[in-house]
Every structure is written in C-alpha cells, then in structure tokens.
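What you see is a predicted model, and the numbers here were worked out from it, not measured in a lab. A, B, ... follow the sequence lines: proteins, then strands. Residue 1 opens every chain. Side-chain atoms are counted along with the backbone in the values below, which use heavy atoms only and exclude waters and symmetry mates.
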There are 2 protein chains.
Amino acid sequence: MTTTPTADWLRLDQQICFSLNAASRAFGGVYRVVLKDLGLTYPQYLVMLVLWEHGDLPVKKLGEHLRLDSGTLSPLLKRLEVAGLVRRERSARDERSVEVRLTEEGAALRERALQVPRRIATATGFDVDEIRELRARLDQLTEALDAAAVEEAAAE
Amino acid sequence: MTTTPTADWLRLDQQICFSLNAASRAFGGVYRVVLKDLGLTYPQYLVMLVLWEHGDLPVKKLGEHLRLDSGTLSPLLKRLEVAGLVRRERSARDERSVEVRLTEEGAALRERALQVPRRIATATGFDVDEIRELRARLDQLTEALDAAAVEEAAAE
DNA sequence: CACAATTCAATTGCACACAACTAAATGACG
DNA sequence: CGTCATTTAGTTGTGTGCAATTGAATTGTG
C-alpha cells in the first residue's frame, strides 16, 4: 500500500532474512542447552530423528530427508560413530553405498530424546496451532526460494 | 484439539526448527547467487548493510547489531579488508577498540547493492505485508527463544 | 562384452558460528 | 599511585554447510 523508497529496502530491520537468521541461531542456542545431556549437536539430533523414524538408511537417503550432502554428513556421521550411536557399513548389494545403522545405544537414546520437542515447543512460547501456521509459512517460503534460486542460477 | 501421542513429537515433519533451518539455508542459496556479482557472502553483506546505515563502527557495536561475537567477526572483517571494502583501525581514544571504516570502494558498493533486497523479496514470492507479518512472527519467536535459553541455562 | 555416462561417498577448501581462552587497555577503588 | 575487575579484540578448536573434485562402483548403450 505505501510505496517504499529504494534506500529503505537496505535498512537492516526490514530484512526478512536477518529475522530468519536470528531466529535460526536463537533456536540453535536453545537446542545447544537442551541437547547437551544427550551429547548431541542440533544437526546430529536431526540425523538421529530421521534414523529413529525411518530405520537404517544409506547416506544418500539421509541427505535427501535433511537436505544435506555428503560433504556435511560424512564427518557428522563419523562423529556419531565415534560416540557409539551409529555404525557405517558398505552395502553388500551396492558397494558405492554406505548404510547408516543405529546401534543399541543409538536406538536407546530415543527414550531420552522424547522430552526434547516438548521442551523446545514450550521455549517458543507458541501454541500448537501457531507453530503449525508458522511451519506452513516457512515451508512455503522455502519452496519459493528454492525455485527462485534455480531460476537465478539459470539466468547466468 | 487433538491430543498428540508423545512419539509423534519426534516426527521430523512436525519439527518447526527443521522448517526454520531449511528456510534459512534456502535463503542462503538465493543470496549466494544474488550476491555473487558483489563478491560478498551473506554474513559479509549483513556487515556492509550495518556500515552503510550507521557509518563507521567499532567491532563491538557491529556485533551488537548483528548478534555476532568477535570470534565470528574478526576473520570476516579481515576478509572484507583484503577485498578492499573496509579498513580496521585501532581507536585513538580507546586502544582496545577497533574501528571498522568503509573505504571509498566499500561505500561505492552500496549503489550496486540497492537492487538486492528487491530481488530477494521477489524470490520469496511474498508481498510486502506477508513479509512484514512473517518478520514479526520470527522476531517474536527469537525473543521467546532467547529468554528460554537463559532460563534453561540457569536451571543447570 | 566394452565403454561411456551416471551414481555415490569421501575429501578438500573455504566461510561461518560459537565456546573458551589470551592479551592488552581501561577504569574503579582503596 | 598501585591493584584488580572489566572491557574489548583476537586466537584456537570444534562443528556445520556447501562447492568442487576424486575415485570406486554401477548402469546404460551399442
């Protein structure tokens, strides 16, 4: 409705990306505290979530669920292996593929993790519906941004 | 309305943090493309935004605007200095402090950066009001999370 | 079967983010 | 004036995140 002067577009406090970035790091701070007893970082926790839900998976599939590539996952999985939570085994059927398997200890950790999402949800100060609403918005945003990134890259 | 079984809280697709993380990285992807001609990364762009808006600042103040500490800013500012966009000079009044100053080149870059926010805004697929709404939500979220992190940490 | 294209994980290099620590400078207080 | 707590950058170490490359294994095609 109001026309915005071009220079104002540069004002930091109008930058949606900055708010997103700040929220993302604020989440990181809460997760750091909450996950400390589990001995997990936030990305490691995400990997464990996927394994708990879907069972053993090759690295590739794991990456698809998390939108992460092997450059990120390889060292992360090695740390989880050192921690005794997963094993990595070459697939017999396809020697290129590496299966990530939960150990007993890794599977057992799930019990202690059950309380995490509720603690996080409480920390947001949002109720379930507000969280759902925000999630939908963010997913919509991600979809649009991914599409735009492809277009921008193609325009080079 | 519906009571959610505890186990479902662990389902990845319900994780607000995951959506936020995904959106944050999707933004990163668009910014990477858009900022490539400017020779800036996204965090470097944020630093330049602050300097363009507020003028020369000590590292400390810069960090307060961006919620970043010297461990992140020091190497980042060195890269901006190598790129010729800023100078870092010990304050005469307080030898502990380092003033970050825009060079001619750094100040000039602002002209080329003016188009960036609009390209980003277009990439989101949201109109101005939707962006404002989402920003408000995210800022509210960040505030709640920061407060919760302090409480959780204090509860140790 | 042979050979090119593809797939997949790992590695390398670069750039954050943040905790913990160091070191220098300042300021407050006795 | 001297001492000590505080402030401020910088450094180090760990852990992502991603682009680019490598190398091995597989698949598709003739």
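Atom pair A:Leu77:CG and C:dT11:P shows a separation of 12 Å (rounding to whole Å applied).
For B:Asp69, there are no salt bridge (charged side-chain N to carboxylate O under 4.0 Å, His left out) partners at least two apart in sequence or on another chain. In this structure, B:Glu99 has no side chain to side chain donor-acceptor pair (under 3.5 Å) partners at least two apart in sequence or on a different chain.
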Check: protein-nucleotides 15-25 of chain C nitrogen or oxygen pairs below 3.5 Å:
from   : atom 1 : to      : atom 2 : distance (Å)
C:dC16 : OP1    : B:Thr41 : OG1    : 2.7
C:dC16 : OP2    : B:Gln44 : NE2    : 2.9
C:dC16 : OP2    : B:Arg79 : NE     : 3.0
C:dC16 : OP2    : B:Arg79 : NH2    : 3.2
C:dC16 : O5'    : B:Arg79 : NH2    : 3.4

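Across all non-hydrogen atoms, the minimal contact from A:Leu102 to A:Arg87 is O-NH2, 4.4 Å. Shortest non-hydrogen contact noted between B:Gln15 and A:Tyr45 is OE1-OH, 4.4 Å.
Note that B:Arg137 lies in the cation-pi zone of A:Phe126, set by a 6.0 Å cut-off to the ring centre and a 45° limit from the axis.
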With a 3.5 Å cut-off and sequence neighbours excluded, list the donor-acceptor pairs that the side chains of residues 20-33 of chain A form with protein atoms.
from    : atom 1 : to      : atom 2 : distance (Å)
A:Arg25 : NH1    : B:Arg67 : O      : 2.9
A:Arg25 : NH2    : B:Leu66 : O      : 3.4

Could you pull out all donor-acceptor pairs under 3.5 Å where a side-chain atom in residues 76-84 of chain B meets a protein atom, sequence neighbours excluded?
from    : atom 1 : to      : atom 2 : distance (Å)
B:Glu81 : OE1    : B:Arg88 : NE     : 3.1
B:Glu81 : OE1    : B:Arg88 : NH2    : 3.1
B:Glu81 : OE2    : B:Arg88 : N      : 3.2

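Residue contacts shown for A:Lys78 are limited to sugar-phosphate atoms, with no base heavy atom under 4.0 Å away.
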*Derivation of the side-chain contact (heavy atoms from CB on, under 4.5 Å) call for A:Met48 and A:Gln44*: CA-CA 6 Å; A:Met48 296 302 288; A:Gln44 290 168 5; 5.5 Å; no
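Interface limits on DNA chain D: the 5'-most and 3'-most nucleotides within less than 4.0 Å of chain B heavy atoms are D:dT7 to D:dA19.
A sub-4.0 Å separation between OP1 or OP2 of C:dA10 and a side-chain N or O of A:Arg88 is present.
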